[in-house]
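The chains referred to below are lettered A, B, ... by the order of the sequence lines, with proteins before strands, and numbering in each begins at 1.
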Amino acid sequence: MFNMLLPVTDNTVSDNTVTEGSPNRAPATGAAMTAPGARRFEARDIAVIAVFAAITAALGLLPAIYLPISPVPITAQTFGVILAGAVIGGRRAFASQLLFLALVAIGLPILAGGRGGIGVFASPTVGFLIAFPIVAGLIGWATRAVGAPYRIVPGLVINTAFGIGLTYLFGWTGMLATTHLGPRAAFVALAPFLIGDAVKVVLATATAKGVHASYPGLLSRRRPHGAGPHPA
Amino acid sequence: MRIELERVTHTFGEGSTARTVLRDLTLTLTERRIGVIGHNGSGKSTFLRLLNALVLPTSGRVRVDGLDTARDAKELRRRIGFLFTDPDAQIIMPTVAEDVAFGLRRSGLSRSEVDRRVRDLLVRFRLDGHADHPAHLLSGGQKQLLALASVLITEPLALVMDEPTTLLDLRNAAMIGRVVANLDETVLLATHHLELLEGFERVLVFHEGRVVADAAPEVAIAAYRDLMGREP
Amino acid sequence: MRTSSLGLFRPGDSPVHRMPAGWKLLILLVLGVASVLTQHWWGVSAALLVATIGSYRAAGFGVGVLWAQVRPLWFLLGFTAVVQVITVGWQRAVGVSGSIVVLVAVAALVTLTTPTSALVDTVVRLARPLAPLHVDPERLGLFLMVGVRCVPLVADLARQVREAQIARRATTSTRAFVVPLVVRSLREADALGEALVARGVDD
């Protein structure tokens, strides 16, 4: 999975990078375009990606709610997945949630409920976990395609389609693979969570709107001044 | 070290949100201790960032020992280390010793040589008792010492410091001031703690993107106080 | 969960500390895969639990340290166990809860006895054969390191935002919590990115 985290890199010509956006900051040395698709994340993108992986982790620290009828907990963690997509764009959002999963895999107890380690990828929630980067990436791609300013209605449509539709498709498939539940029973086990997830999608969309208002320029290719630290 | 700025102007943003933070700056700096003072937003930080190619001039040229920041950023950053205001934002690795060693990860030095240099620096800054501790658990003053050690490990010729004591209490600020005074390297220091500039050779006063005074510390600080007195 | 326990390596010289990080990760991997089976065999779960306590002892940690790792889970585990005892019997409850405790405790033991950089080095080494697939192992290691670093950083921001929220008595709104958290995180990312550039990451 890591080759997707790092779409490129050429060890010998590591100077060839393309900025995600920041015209006023110095680009990486000799910012030259390599072949299409062969793009490396530069340092500033790594920071944004890592911080959004950490936001998903922080939201997982909020207590999870377990219902006795299903092994899948209600957590704020998927809130972070939708937010990453709605805020930082597809490429970086995908990488951020993949990094989150990698951090879980090397043992940080940052999955909702304080879980971590490779073991979680054998649990019934594995489908939801695999969905994290894909959903974040697709939301980010669709959000960028709609463009600035961030609007609630298209945001809701995108976040519902991927954040609920696609997430449940993955989650349901994962449950079929790891439990002895039949397709219908697995769906019934997941259904109660739809209410919570609908609330989450609405909240995440409103939050994304608030973030874009406070930190403009994230949806355009180029980032205006005022976004960065210590502008003076 | 010879730093030359040639008609440097820097503008953040574009169109209606554009803001020019440095205006037509021409300077030659060769002193070993250079202070930079001025209000927040006067252009100090941007000026310092130009020297390390963190920011490139919108027009004009910045050269350090003949290296153009727009072309030779890599070589330049090898010669000039940068210390930021917030030590939390510049600590990259989880533990103290690992963070200091980070700068040498691609130096080609042996593990034992890296360990030796790290230990020497930690002893010098009295952090050796914390080598294996998580960096984020250090006190504010210790974090800034760690950040300084992490910069010094690559043996830069000059250090650029952007208000390194602004977030520290008086005792820690004085401690960092003593450490800075004893450095062998060339130092460019922006600060609001004017007493740190004692013994400096040259102090620049920035105001609205221009250098309005350029003199020995007492003269420059008097000009700065005068400037403050004239404002409403 | 206390964030200070994240990546909290405790130096030592026990056999567990000296075991190469790659072996520890392998054991964790095997336990993770095996947990699917051990959930059904309560005896195996119980035996692994005893072995886990033994490993903590071998690493020089008491039961208190083990308990500290598992404590964040006690409510969840207790709840699940009670439901299972009622619905499917105590054997299954021991099997499921036991294997979760084992996994969490062993994962924590790896973290407690291995410097994070050693874990990341191992991942980097394992990724080396992938270089022809355009994977840069060094870059991968950097991603993991910065990620490990950001978890306590953002958790601390979350705490600060929460405190500010309580001070302003806006205690119930999720949006009033997450918007400032994300905005401050973005600014933190800018500062961190700049520091990475200054320390030669892009060079």
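Residues satisfying the side-chain contact (heavy atoms from CB on, under 4.5 Å) test with A/T173, not counting sequence neighbours, are none. Scored by the ring-ring contact (aromatic ring centres under 6.0 Å, His included) test, C/F61 finds no partners at all (sequence neighbours excluded).
Across every non-hydrogen atom of C/G147 and A/L99, the tightest pair is CA-CD2, 4.1 Å. In terms of heavy atoms, A/A58 sits closest to C/V154 at CB-CG1, 4.0 Å. Of all the heavy atoms in A/L83 and C/V178, the pair that sits closest is CD1-CG1, 3.4 Å. Nearest heavy atoms, A/L59 versus C/F177: CD2-CE2, 4.5 Å.
For a residue to count as touching a neighbouring chain, one of its non-hydrogen atoms must lie under 4.5 Å from one of that chain's; by this rule C/V146 touches chain A with backbone and side chain alike.
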Verify side chain to side chain contact (heavy atoms under 4.5 Å, CB included) between A/F52 and C/V182, making sure each step is shown before the conclusion.
CA-CA 8 Å; A/F52 270 79; C/V182 173; 3.8 Å; yes
Taking it one step at a time, do C/F143 and A/L98 satisfy side chain to side chain contact (heavy atoms under 4.5 Å, CB included)?
CA-CA 11 Å; C/F143 259 102; A/L98 195 55; over 6 Å; no
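Counting only distance, with no hydrogens or angles, the side chain of A/R44 and the backbone of C/V197 share no donor-acceptor pair below 3.5 Å.
Atom CD1 of residue A/I46 and atom CG of residue C/L142 lie 4.5 Å apart, to the nearest 0.5 angstrom. The distance from the CG atom of A/L103 to the CE atom of C/M145 is 11.0 Å, given to the nearest 0.5 Å. Note: C/R187 CZ to A/Y215 OH = 6.0 Å, rounded to the nearest 0.5 Å.
For CH2 of C/W23, the number of neighbouring non-hydrogen atoms (other residues, nucleotides, ligands) closer than 6.0 Å is 12 at most.
Options A/A53, A/A50, A/G80, A/A213 differ in how many heavy-atom pairs under 4.5 Å they form with chain C, and the most are formed by A/A50.
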